[in-house]
Amino acid sequence: NDFYFGANVGSKKKSVKKAVDNKNTGPTGNGSGKIVGKLSHIFDHDYYVVQSVGRTPFSVTRPDVYPRGEHTGYDLSTDDGANGNVAVYACCTCHYVDARYLGTSFMYKGWGFITDCPELGGYIWYGHLSSIESFTPGQEIKAGTKIGIMGDAGGVFHVHFEHNPDLSFGDGDYIDPTPLIPGATGVMPNNTRIKV
């Protein structure tokens with residue numbers, strides 16, 4: 001089964017490993033996401049916007065990567081992102097849907113981790129993870145649960161954080177994911193710092 005992510009075609013792979021514990025609904029390893037109301041930060045320490053959502057200076061100059069001229073989510077990172085061990089956490093209580101391996105190319109790299117978004121509808125995509133935790137389809141994931149480790153793409157360690165109505169990640173319709181980031185109001189420009 002091929003899937004399309006932006007202009008890239010990759011192969012959908014099965015889970016990284018068989019689920020060891022179907023009750024893996026709480027934070028696992030490396031601390032946990034910081035809960036604020038019903039949401040959790042996707043990192044357990046301060047982070048920043050590498051690339052904003054919508055039309056950005058990079059998206060309008062790279063039609064090979066962004067055919068619509070729009071970046072469909074936020075690229076988020078931490079100051080210690082390149083250390084290779086930054087945990088990523090579920091932003092809300094949700095259910096595991098799927099994981100897709102993007103490959104090893106410069107722009108399309110690592111794993112995409114997909115959950116539903118019960119509070120707002122649609123789906124959440126955490127892209128460019130270097131590794132992911134094991135869940136079974138439909139399994140509940142609590143806000144603040146570790147889902148993987150941040151990886152890199154385009155030469156930058158970051159997570160592509162996207163809210164999408166229909167699983168057309170990267171080049172289809174998208175929903176502004178700002179409401180899923182605790183404390184965020186309005187679209188945040190590049191280099192906005194987010195305090196945890």
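Values reported hereafter were calculated over all heavy atoms of this structure, with side chains retained and with hydrogens, waters and symmetry mates removed.
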With rounding to the nearest 0.5 angstrom, report the NZ to SG distance, K142 to C92. 12.0 Å

Could you tell me whether the side chain of D116 reaches within less than 4.5 Å of the side chain of H95, counting heavy atoms only? yes

Report yes if the side chains of I141 and T93 come closer than 4.5 Å at any heavy-atom pair, otherwise no. no

So do V187 and S52 actually touch side chain to side chain, heavy atoms under 4.5 Å? yes

Closest non-hydrogen atom pair between W125 and I114, with its separation: CE3-CG1, 3.3 Å

Which atom of A90 lies closest to which atom of C94, heavy atoms considered: CB-SG, 4.5 Å

Check: T56 and Y66 side chains under 4.5 Å, non-hydrogen atoms: no

Test ring pair (Phe, Tyr, Trp, His ring centres under 6.0 Å) on Y126 and F161; report intermediate values, then the result. CA-CA 5 Å; Y126 305 81; F161 183 64; 5.6 Å; yes

Can you measure from CD1 (I175) to CG (D166) and round to the nearest 0.5 angstrom? 8.5 Å

Mind running side chain to side chain contact (heavy atoms under 4.5 Å, CB included) on D152 and H158 for me, showing each step along the way? CA-CA 6 Å; D152 70 299; H158 69 279; 5.8 Å; no

Contact list for residues 85-94, test salt bridge (Lys or Arg N to Asp or Glu O under 4.0 Å), sequence neighbours left out: none

Could you walk me through whether F43 and V86 satisfy the side chain to side chain contact (heavy atoms under 4.5 Å, CB included) test, starting with their C-alpha distance in whole Å, then the side-chain angles of each, then the deciding distance to 0.1 Å, before giving a yes or no? CA-CA 8 Å; F43 300 113; V86 175; 3.6 Å; yes

Would V50 end up clustered with I149 when hydrophobic side chains under 4.5 Å apart are linked, directly or stepwise? no

Against Y74, only a single residue in V159, T178, L180 fulfils side chain to side chain contact (heavy atoms under 4.5 Å, CB included); can you say which? T178

Between H41 and Y89, ring centroids under 6.0 Å: no

Does H163 reach the main-chain N or O of G121 with its side chain, forming a donor-acceptor pair under 3.5 Å? yes

Would you confirm whether D46, through its side chain, and V196, through its main-chain N or O, come within 3.5 Å as a donor-acceptor pair? yes

Are D173 and R68 ion-paired here, with the side-chain N under 4.0 Å from a carboxylate O? yes

Provide the full list of ring pair (Phe, Tyr, Trp, His ring centres under 6.0 Å) pairs with a residue in residues 172-196, sequence neighbours left out, each pair given once. none

Would you kindly confirm whether L39 and Y96 end up in one hydrophobic cluster when ILVMFWY residues are joined by side chain heavy atoms under 4.5 Å apart? yes

Sequence neighbours excluded, the answer for side-chain hydrogen bond (donor to acceptor under 3.5 Å, both in side chains) partners of T61 is none

With a 4.5 Å heavy-atom cut-off, do P177 and V53 have their side chains touching? yes

How about S40 and V36: do any of their side-chain heavy atoms sit closer than 4.5 Å? no

Return the minimal non-hydrogen interatomic distance between K146 and F135, and the atom names on each side. O-CZ, 3.8 Å

Are V156 and F106 connected in a single hydrophobic cluster, I mean Ile/Leu/Val/Met/Phe/Trp/Tyr linked by side-chain heavy atoms less than 4.5 Å apart? no

Let's go through K38 and E119 carefully: what are the C-alpha distance in whole Å and the side-chain angles of both, what is the deciding distance for side chain to side chain contact (heavy atoms under 4.5 Å, CB included) to 0.1 Å, and is it a yes or a no? CA-CA 9 Å; K38 291 184 176 183; E119 292 292 321; 3.7 Å; yes

Polar contact flag, side-chain donor to acceptor under 3.5 angstrom, E70-S59: no

Quick one: which of T115, I132, V88, I42 gives a side chain to side chain contact (heavy atoms under 4.5 Å, CB included) with I147? V88

Would you mind reporting whether D44 and S32 have side-chain heavy atoms less than 4.5 Å apart? no

Take a 6.0 Å sphere around CZ of F157 and say whether it holds more than 12 heavy atoms from other residues, nucleotides or ligands. yes

Is a salt bridge present between R193 and D79, judged by a nitrogen-to-oxygen distance below 4.0 Å? yes

Give the cluster check for I124 versus W111: same hydrophobic cluster or not, with ILVMFWY residues linked at side-chain heavy-atom distances below 4.5 Å. yes

Indicate whether any N or O donor in one side chain lies under 3.5 Å from an N or O acceptor in the other, for D80 and H45. yes

